[in-house]
Amino acid sequence: RRVHGEFPRTMFYDGLLQDGACVLDPKRCLKFADTFASVFQPLMFFDVCGAEERQSGDTSPFNPTEAQFVVNLCDTLIRCGVRGNQICVLSPYSQQVSDLRRRLQSNTIEISTVDSFQGQER
């Protein structure tokens with residue numbers, strides 16, 4: 001089991017939350033080469049340089065450099081056998097979500113704000 005999975009399992013779910021098959025055996029769900037299976041995990045964070053921008057009159061920022069990084073990462077995952085419906089991209093900013101949707105043009109990859117994704121069961 002994942003060490004970081006213990007906190008929500010015990011703190012919020014009285015130990016009843018169970019890891020899914022993809023967490024217990026990532027190679028079972030992700031048909032990557034061994035090197036990809038060791039690099040890509042169910043939850044990942046990347047530090048990407050780039051400047052936030054704002055459209056005129058909009059308070060929500062977006063970062064074109066980050067958005068292009070996400071597009072490239074999604075393309076790589078799909079080329080390695082991950083289905084679009086297995087990918088979820090979250091952003092705290094609605095303008096970043098709009099930019100990502102425009103760039104990805106995907107009907108299967110979920111792109112959402114953190115607020116709108118919160119509470120869903122996946």
Side-chain angles (χ1 to χ4, degrees):
R1 283 205 274 213
R2 302 171 296 166
V3 173
H4 61 277
E6 289 300 319
F7 174 73
R9 182 184 343 274
T10 56
M11 186 70 172
F12 303 110
Y13 297 99
D14 296 322
L16 300 174
L17 183 67
Q18 298 294 315
D19 288 333
C22 292
V23 172
L24 296 173
D25 184 8
K27 291 181 184 179
R28 174 178 166 199
C29 297
L30 302 176
K31 308 286 188 221
F32 287 12
D34 288 339
T35 54
F36 272 85
S38 66
V39 172
F40 290 108
Q41 301 298 315
L43 175 66
M44 301 177 68
F45 296 91
F46 295 93
D47 185 14
V48 179
C49 294
E52 285 186 353
E53 298 179 15
R54 293 179 198 276
Q55 289 188 346
S56 177
D58 197 340
T59 59
S60 178
F62 67 102
N63 186 321
T65 305
E66 286 179 355
Q68 190 56 53
F69 177 85
V70 169
V71 168
N72 295 344
L73 181 60
C74 289
D75 288 345
T76 299
L77 290 169
I78 288 170
R79 279 196 317 273
C80 292
V82 176
R83 294 186 316 273
N85 64 2
Q86 292 177 302
I87 300 172
C88 178
V89 179
L90 298 178
S91 172
Y93 306 112
S94 60
Q95 193 61 41
Q96 186 78 350
V97 168
S98 296
D99 190 35
L100 286 164
R101 286 181 178 153
R102 182 184 57 76
R103 290 171 185 263
L104 280 168
Q105 297 181 1
S106 173
N107 294 329
T108 58
I109 296 174
E110 176 142 16
I111 307 165
S112 179
T113 62
V114 174
D115 288 344
S116 64
F117 190 79
Q118 188 175 352
Q120 295 183 28
E121 292 190 24
R122 301 268 170 193

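On a predicted model such as this, the values are computed, not experimentally measured, just so you know. Below, each value reflects all heavy atoms present in this structure, side chains not excepted, and no hydrogens, waters or symmetry copies.
- Nearest heavy atoms, S116 versus T113: OG-OG1, 3.0 Å.
- Taken together through direct or relayed side-chain contacts under 4.5 Å among Ile, Leu, Val, Met, Phe, Trp and Tyr, L104 and Y93 form parts of separate hydrophobic clusters.
- The 12-atom threshold is not exceeded at CG of N107, counting heavy atoms of other residues, nucleotides or ligands nearer than 6.0 Å.
- Residue Q96 comes nearest to A67 through the heavy atom pair NE2-N, 3.7 Å, listed as atom of the first residue, atom of the second, then distance.
- Looking only at side-chain heavy atoms (C-beta outward), I87 and L73 stay at 4.5 Å or farther from each other.
- A distance of 9.5 Å separates CD in Q68 from CG in L100, rounded to the nearest 0.5 Å.
- The distance from atom CD1 of I109 to atom CG of L77, rounded to the nearest 0.5 Å, is 8.5 Å.
- Contact record, P64 with E53: CG-OE2, 3.5 Å, taken as the closest heavy-atom pair.
- How far OG of S106 is from CG of D75: 9.5 Å, rounded to the nearest 0.5 Å.
- Atom SG of residue C74 and atom CD1 of residue I111 lie 7.0 Å apart, to the nearest 0.5 angstrom.
- Among all heavy-atom pairs drawn from S112 and R101, the shortest one is CA-NH2, 4.1 Å.
- Using a 4.5 Å cut-off between side-chain heavy atoms of Ile, Leu, Val, Met, Phe, Trp and Tyr, with links allowed through other members, V70 and F62 fall into different hydrophobic clusters.
- The line from CD of E52 to OG of S60 is 9.0 Å long, rounded to the nearest 0.5 Å.
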Margin query: Between D99 and Q95, does the side-chain hydrogen bond (donor to acceptor under 3.5 Å, both in side chains) criterion hold? Intermediate values first, please.
Written below: CA-CA 6 Å; D99 190 35; Q95 193 61 41; over 6 Å; no
